[in-house]
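Just so we're on the same page: letters track the sequence lines, and every chain starts at 1. For clarity, every value in this text was computed on a predicted model and none was experimentally measured.
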Amino acid sequence: MSDFIRQIIADDLAAGRVKQVVTRFPPEPNGYLHIGHAKAVLLNYSIATEFGGIFRLRYDDTNPEKESGEFVRGIEEDLRWLGCAWEGEPRHASDYFDQFYQWALELVKAGKAYMDNQMPEEIVQNRGTPTQPGVNSPYRNRSAEENLVLLEKMKAGEFAEGECVLRAKIAMDHVNILMRDPPIYRIRRERHHRTGDTWRIYPMYDFAHGYEDAIEGVTHSLCSLEFENHRPLYDWFLDNVSVPSRPRQYEFARLNLSHTVMSKRHLRRLVEENHTAGWNDPRMPTLRGMRRRGFTPESIRRFISEIGVSKVNSLVDIEFLHFIIREELNATALRRMAVLNPIKLTISNWPKGKIDTFTAENNPGDAAAGHRDIEFSGELWVERDDYLDNPPRKWFRMAPGKEVRLKHAYFVTITDVLYNPSGLPQELFCTYDPESRGGESPDGRKVKGTIHWLSRHNAVNAEIRLYDHLFSQADMNKLEEDKTISDYLNPDSVQILAEAKVEPALAAALPEERFQFLRNGYFIADSEDHASRTRPVFNRIVGLRDTWAKIAGKPD
RNA sequence: UAGGACGUCGGCAAGCGGUAAGCCACCGGGUUUUGAUCCCGGCAUUCGCAGGUUCGAAUCCUGCCGUCCUAGCCA
């Protein structure tokens, strides 16, 4: 697998420009990681691994307003789960605050930075627009000495927030607005989660980021496309003071996934407005949400690796992620039977009280997965959706007079139906063919349909949660005017089935154990609500490929 | 009507002047005690459009068109 970034790195190594690759993942600890972050971490981590380099974790904690230790712990937990091991201790931009300040002093002394006392609104006003140049600040030509004094005072906390700011002196008529004397330090009274009240001034991203990289010897600083416009700044700051190394920034397209949102702002809103049950809601694209939903770290790594890296703004269909996890779980998940929407099926010619036992394979594609015993009786649960009074053409499942196979067990033919007062089937009756024990008839007769079932004498009650797209629209980056993301919420993104039935074996499942429920999909025992033996709760990770749904949906 | 970036199959994405990889989706067909899995086959005479250079262009040049990013003391 090669992409433009790996090509650049291979070239740098071959030409001797770089001896050892150093990459980093620089999250701001102000939220939990999502699958978009996974693309960034995995890119940095796998590149370091492939090229025999070093990968580090560094918190970009330059804004005390919204950062916290809770998120730091969350990020590390998610990263460990994902399988990205960073070199040494996590780094913090806040560890470099003293050095940053020294470099700011260096800029001031060289006449390349100045203290601006314009009000924030004035700065905005005088910055100009994409088509109009900005206007110089009246304070732009202060002497280095005066700037030094003012800067020290600002550092000492002698000014109020917003009263002044340190700015780089570049050019107010630059075509790139970001280059129009960008702010370097601003005053913040907030307590920093690591440095406490030591600092009254905090460095801005553009000023700090390249320096953080330079201090750590980062060779290739990878970031997303929206920072492309920032690269001239990244370079300017590095080129105007004496730094220990000279990193280079490269930009790639961030991940956009269909039917979900990927910005921290939006995710936070979903949580705060209770549209989801927290950051680890199984519908969230957060790593902890996906983990709870049942995705494996392997599946996320595979997915990220498969979608590739480029500079094209694209939207990946979430179905592709589903394909990846299905492929993995098909190979690894043990098969079990569960009836999501149960209806009684009673065998009228079954010997009263008889229990039959069958041996069922745990995974038809993997003999090493072994077998389990399942008990059968004349009183069963079957899937309500597997019966139809008036079936369409090509229907293989239960219908009046129709013979189907009960998986691993017997052929049965529907004979009678009991309806409830509102006319819906309430119980099904059938006869079974004793000769078909094991699921095959000695006369060689074929049945097209095979359905799953549970014996009423030992089936266990369970809660099963079915998940679907969080949003009904694929591209959540394109909203209609005057609409917000909540206008696109899928009302059926979760469906809770409290009356489901599962095999006895499933009641003993451990939290986070995954299974394939025959004909229903892949499920995981919920990490928070599932309790072995007392309260089985399963989340649907993803359904099985459903060819029948496609056939049934066609006009024919 | 500024600057930057990007436009290859429905969705991703290779391709780097020698005549369009792969994956998903989709469409057939086979196997099947999961309408699952698995297997076989099909799926861009064409690379945003128009010119040009060349024996030869998705790849080079020119001009258009479209999309995204940028006017936080956020990152």
Side-chain angles (χ1 to χ4, degrees), chain A residues 1-3 7 26-28 30 60-63 65-67 116 118-120 123-125 127-134 161-167 174-180 182-188 201-202 204-206 208-209 223-232 251 253 258 264-265 306-317 319-324 326-327 330-331 335 337 360-361 363-365 394-397 405-409 411 436 438-440 447-452 474 477 516-521 543-552:
Chain A
M1 183 68 216
S2 190
D3 49 68
Q7 287 179 18
E28 183 187 13
N30 67 347
D60 224 343
D61 53 352
T62 56
N63 185 354
E65 269 182 358
K66 20 184 205 175
E67 297 158 5
D116 195 352
Q118 290 181 106
M119 289 292 101
I123 290 187
V124 167
Q125 196 62 233
R127 184 151 32 217
T129 69
T131 50
Q132 293 169 289
E161 266 191 45
E163 198 175 331
C164 58
V165 67
L166 179 69
R167 288 231 256 172
H174 199 107
V175 287
N176 184 341
I177 295 176
L178 295 169
M179 294 291 272
R180 321 241 258 231
I184 291 174
Y185 270 104
R186 78 295 209 181
I187 298 166
R188 280 284 174 280
I201 59 172
Y202 291 90
M204 298 288 293
Y205 168 87
D206 286 311
H209 204 86
C223 62
S224 47
L225 248 31
E226 63 265 37
F227 288 99
E228 223 155 14
N229 294 330
H230 294 245
R231 189 168 1 115
E251 311 85 14
S258 74
K264 280 185 196 168
R265 196 181 100 244
E306 291 290 324
I307 58 173
V309 181
S310 75
K311 298 193 66 152
V312 186
N313 263 313
S314 57
L315 179 70
V316 178
D317 194 331
E319 283 308 313
F320 188 58
L321 212 207
H322 292 168
F323 159 79
I324 298 286
R326 265 192 210 111
E327 191 175 57
N330 175 53
R335 263 96 276 215
M337 290 199 280
E361 69 224 336
N363 185 335
K394 299 185 198 162
W395 174 260
F396 299 162
R397 287 113 94 147
R405 171 167 37 234
L406 296 177
K407 177 81 178 174
H408 301 301
F411 287 1
S436 64
E440 271 177 73
V447 288
K448 299 269 260 191
T450 300
I451 63 172
H452 58 280
N477 286 320
Q516 183 198 91
F517 291 175
L518 243 46
R519 304 209 305 134
N520 270 324
L544 257 25
R545 193 159 157 262
D546 190 353
T547 306
W548 167 248
K550 245 179 284 177
I551 297 170

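The pair A/Glu251-A/Lys311 meets the salt-bridge criterion, with a side-chain N (NZ, NE, NH1 or NH2) lying under 4.0 Å from an Asp/Glu carboxylate O.
To the nearest angstrom, P of B/rA36 lies 16 Å from CD of A/Glu361. As a whole-Å value, the separation of A/His322 NE2 from B/rC12 P is 17 Å. B/rA36 atom P lies 18 Å from atom CE of A/Met337, rounded to whole Å. Nucleotide B/rU32 holds its P atom 11 Å from the CZ atom of A/Arg405, rounded to whole Å. What separates CD of A/Gln516 from P of B/rU37 is a distance of 10 Å, to the nearest Å. Atom CZ in A/Arg231 sits roughly 8 Å away from atom P in B/rA5 (whole-Å rounding). Distance CD (A/Glu251) to C1' (B/rG4): 10 Å, rounded to an integer number of Å. Going from atom NE2 of A/His230 over to atom C1' of B/rU70 covers 7 Å, rounded to whole Å.
Taking atom P in both B/rA2 and B/rG11, one finds a spacing of 30 Å when rounded to whole Å. Comparing B/rU62 with B/rG18, their C1' atoms sit 24 Å apart, to the nearest whole Å. Taking the C1' atoms as reference points, B/rA5 lies 44 Å from B/rC39, given to the whole Å. When the C1' atom is compared between B/rG51 and B/rC68, the two are found 27 Å apart, to the nearest whole Å. Here the separation of B/rG41 from B/rC23, taken at their P atoms, is 12 Å to the nearest Å. One P atom belongs to B/rU54, the other to B/rU45, and the distance between them is 28 Å to the nearest Å. For the C1' atoms, the distance from B/rA44 to B/rG3 is 35 Å, rounded to whole Å. Taking the C1' atoms as reference points, B/rG48 lies 10 Å from B/rU8, given to the whole Å.
Among the candidates A/His408, A/Lys407, A/Arg519, the single residue satisfying the side chain to side chain donor-acceptor pair (under 3.5 Å) test with A/His452 is A/Arg519.
Using a 4.0 Å heavy-atom distance criterion, A/Ser258 is classed as making no nucleic acid contact. The residue A/Tyr185 sits apart from the nucleic acid: no heavy atom pair falls under 4.0 Å. Using a 4.0 Å heavy-atom criterion, one finds that A/Leu315 contacts the sugar-phosphate atoms exclusively. The residue A/Met119 sits close to a base: some heavy atom pair falls under 4.0 Å. Residue A/Gly365 is out of contact with every strand shown, counting any heavy-atom pair closer than 4.0 Å. Among the protein residues, A/Pro120 comes within range of the nucleic acid bases, having at least one heavy atom under 4.0 Å from a base atom. Residue contacts for A/Val447: at a heavy-atom cut-off of 4.0 Å it reaches no nucleic acid atom on any strand shown.
Note: A/Leu406 CG to A/Phe411 CZ = 10.0 Å, rounded to the nearest 0.5 Å. Atoms CZ and CG, on A/Phe323 and A/Asn330 in that order, are 10.5 Å from each other to the nearest 0.5 Å. For the atom pair A/Asp206 CG and A/Ile184 CD1, the distance stands at 10.5 Å (nearest 0.5 Å). Taking CZ from A/Arg167 and CG from A/Asp116, the interatomic distance works out to 4.5 Å, rounded to the nearest 0.5 Å. A/Ile201 contributes atom CD1, which lies 8.0 Å from atom CG of A/Leu166 (distance to the nearest 0.5 angstrom). From A/Ile324, atom CD1 reaches atom CD of A/Glu306 across 5.0 Å, with rounding to the nearest 0.5 Å.
Residue A/Arg127 has a polar side-chain atom (N or O) positioned under 4.0 Å from OP1 or OP2 of B/rG72. Within the 4.0 Å cut-off from OP1 or OP2 of B/rA36, at least one side-chain nitrogen or oxygen of A/Thr547 is found. Applying the 4.0 Å criterion to OP1 and OP2 of B/rC74, one finds that A/Arg186 has a side-chain N or O inside that range. Residue A/Arg335 places none of its side-chain N or O atoms closer than 4.0 Å to OP1 or OP2 of B/rU37. In terms of phosphate contacts, A/Ser310 brings a side-chain nitrogen or oxygen within less than 4.0 Å of OP1 or OP2 of B/rA13.
Projected onto RNA chain B by closest heavy-atom contact, A/Gln118 and A/Ala409 fall at different nucleotides, the more 5' of which corresponds to A/Ala409. Residue whose closest nucleotide on RNA chain B sits further toward the 5' end, between A/Phe227 and A/Pro364: A/Pro364.
By the 6.0 Å contact criterion, CD on A/Glu161 is enclosed, its count of non-hydrogen atoms from other residues, nucleotides or ligands being greater than 12.
Remark: B/rU70 base-pairs with B/rA2. Criterion, Watson-Crick or G-U wobble with two distances under 3.5 Å. Nucleotide B/rC47 forms a pair with no other nucleotide shown, judged by Watson-Crick or G-U wobble geometry with both contacts under 3.5 Å. When Watson-Crick and G-U wobble pairs are counted only if both distances are under 3.5 Å, B/rU32 pairs with no nucleotide at all. Base pairing of B/rC26 is made with B/rG42, judged by Watson-Crick or G-U wobble geometry with both donor-acceptor distances under 3.5 Å. Nucleotide B/rG7 forms a pair with B/rC65, judged by Watson-Crick or G-U wobble geometry with both contacts under 3.5 Å. Summarising the base pairing, B/rC60 is matched to B/rG52 through a Watson-Crick or G-U wobble pair whose two defining distances lie under 3.5 Å. Under the Watson-Crick or G-U wobble criterion, with both distances below 3.5 Å, B/rA13 has no partner in any strand shown.
Considering only side-chain atoms of A/Lys66, the nucleotide from B/rU34, B/rA71, B/rC74 that sits closest is B/rC74. Of the candidates B/rC73, B/rU34, B/rG11, B/rU34 carries the atom nearest the A/Leu518 side chain, counting heavy atoms from C-beta on. Taking only side-chain atoms of A/Val316, from C-beta outward, the nucleotide of B/rA71, B/rG35, B/rC12 with the closest atom is B/rC12. For A/Phe396, the listed nucleotide lying nearest its side chain is B/rG35; candidates were B/rG35, B/rC69, B/rA2.
The shortest distance between side-chain heavy atoms of A/Lys550 and A/Arg545 falls below 4.5 Å. Residues A/Thr62 and A/His209 form no side-chain contact, since every pair of their non-hydrogen atoms from C-beta on lies 4.5 Å or further apart.
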Close N or O pairs between protein and nucleotides 20-26 of chain B (under 3.5 Å):
from   : atom 1 : to       : atom 2 : distance (Å)
B/rC26 : OP1    : A/Lys550 : NZ     : 3.1

Mind listing the N/O atom pairs, protein and nucleotides 65-67 of chain B, below 3.5 Å?
none

Using nucleotides 6-9 of chain B, report all nitrogen or oxygen pairs with the protein that are shorter than 3.5 Å.
none

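Ring orientation note: the planes of A/Phe227 and A/Tyr205 are tilted relative to one another, at an angle of 30° to 60°.
Stacking between A/Tyr205 and B/rA75 is absent: the ring centroid is not both under 5.5 Å from the six-membered base ring centre and under 30° in plane angle.
With hydrogens and angles left out, the side chain of A/Arg397 and the base of B/rG35 share a donor-acceptor pair within 3.5 Å. Put simply, the side chain of A/Gln7 and the base of B/rC16 share a donor and an acceptor less than 3.5 Å apart.
In this structure, B/rG10 is classed as anti because its glycosidic torsion departs from zero by more than 90°.
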